[in-house]
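Data block below; observations after.
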Amino acid sequence: MRVLISVLLIAVLAGCTHVRSSQDVSVPGQGTWLVLPLVNRTATPQAGLRAAAIVESVLYRHGVQRVEAYPETDNDGVLFEASSPAIRKKMAQWITTQDATYVVSGVVHEWRYKTGVDGEPAVGVMLEIRELPSGEIVYSGTGSRAGWARDSLSETGQKVIDKLLKPVIN
């Protein structure tokens, strides 16, 4: 019986999303929110672009009415996804041309299927929300999750990003 309970406890904990974030932050969903491509620190191509697209969707789902994504005007973002100084400079210039209240940026630390028999998806993301025009960080959070064998990377990414943003937007 104890073995069964231990196995069930391990199974439940394996599917949990782990989040560390700023405490007691509440950001209004009004105004325009900008979403930048997330810096990709993984070996998975376009992980930062995929995560940024999920951020857009999650913001809308939690009541943000106006979301503007950084426009990809060339293929630089496909390979380097916001990590090169030139691309970061272009994004900073773009932000100054927008009439926005907040900008969401971050880093993807993990976005892959684990090796092994089941190949579970594993996601790790850090998000920041900065108030404009000051650039002051009003929220910072990191989340990770290892999904189940039949989960997809995008589904696991949605769960992590949702868990990061849901308690923040009022």
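Proximity of a side-chain donor or acceptor of D151 to a complementary backbone N or O of W148 within less than 3.5 Å is detected. The backbone N or O of H109 sits nowhere less than 3.5 Å from a side-chain atom of T42 that would complete a donor-acceptor pair.
In summary, of the residues considered (I169, V103, L132, V55), a side-chain contact (heavy atoms from CB on, under 4.5 Å) with W33 occurs for I169 alone. Among V108, L49, I54, V107, the single residue meeting the side-chain contact (heavy atoms from CB on, under 4.5 Å) criterion with L38 is V108.
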Self-check item: Candidate pair T156 and E120, rule side chain to side chain contact (heavy atoms under 4.5 Å, CB included), full reasoning
Solution: CA-CA 10 Å; T156 305; E120 298 97 351; over 6 Å; no
Practice problem: Using the side chain to side chain contact (heavy atoms under 4.5 Å, CB included) rule, take Y60 and Q65 through it: C-alpha gap first, then chi angles, then the decisive distance, then the call. | Solution: CA-CA 6 Å; Y60 279 122; Q65 297 297 312; over 6 Å; no
Exercise. Begin with the C-alpha distance, continue with both residues' side-chain angles, and end with the deciding distance and a verdict on side chain to side chain contact (heavy atoms under 4.5 Å, CB included) for L36 and W94.
Key: CA-CA 10 Å; L36 300 179; W94 177 73; 3.9 Å; yes
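V39 has its side chain within reach of R88: a pair of non-hydrogen atoms, C-beta onward, lies under 4.5 Å apart. Looking at L59 and V104, their side chains come closer than 4.5 Å, going by heavy atoms from C-beta outward. In this structure, the side chains of V125 and T142 stay at 4.5 Å or more apart for every pair of heavy atoms. Inter-residue side-chain proximity for D162 and H62 is flagged as met; some heavy-atom pair is nearer than 4.5 Å.
Counting all heavy atoms, side chain and backbone alike, I137 lies closest to S140 at CG2-CB, 4.3 Å. Residues E110 and A122 approach most closely at OE2-CB, 3.5 Å, considering heavy atoms. Here the closest non-hydrogen pair linking L153 and R112 is CD2-O, 3.2 Å. Contact detail for G31 and R66: the closest heavy-atom pair is CA-NH2, 3.4 Å. Summarising the geometry of A52 relative to P37, their closest heavy-atom pair is CB-CA, 3.9 Å, with the distance given to 0.1 Å. Between Y113 and G119, the shortest heavy-atom contact is CD2-O, 3.1 Å.
Summarising the geometry, atom CG belonging to L164 is positioned 4.5 Å from atom OH belonging to Y139; distances are rounded to the nearest 0.5 Å. Interatomic distance, CD of Q158 versus OG of S152, reported as 7.0 Å (0.5 Å rounding). Distance NZ/K159 to NZ/K166: 13.0 Å, rounded to 0.5 Å. One finds the CD1 atom of I129 at 7.5 Å from the CG atom of L127 (value rounded to the nearest 0.5 Å). Put simply, CG on N40 and CZ on R50 are 9.0 Å apart, with the number rounded to the nearest 0.5 Å.
Salt bridge R130/E128: present, at least one basic N to carboxylate O contact under 4.0 Å.
Pairs of residues two or more places apart, or lying in two chains, never qualify as side-chain hydrogen bond (donor to acceptor under 3.5 Å, both in side chains) while including a residue from residues 98-107.
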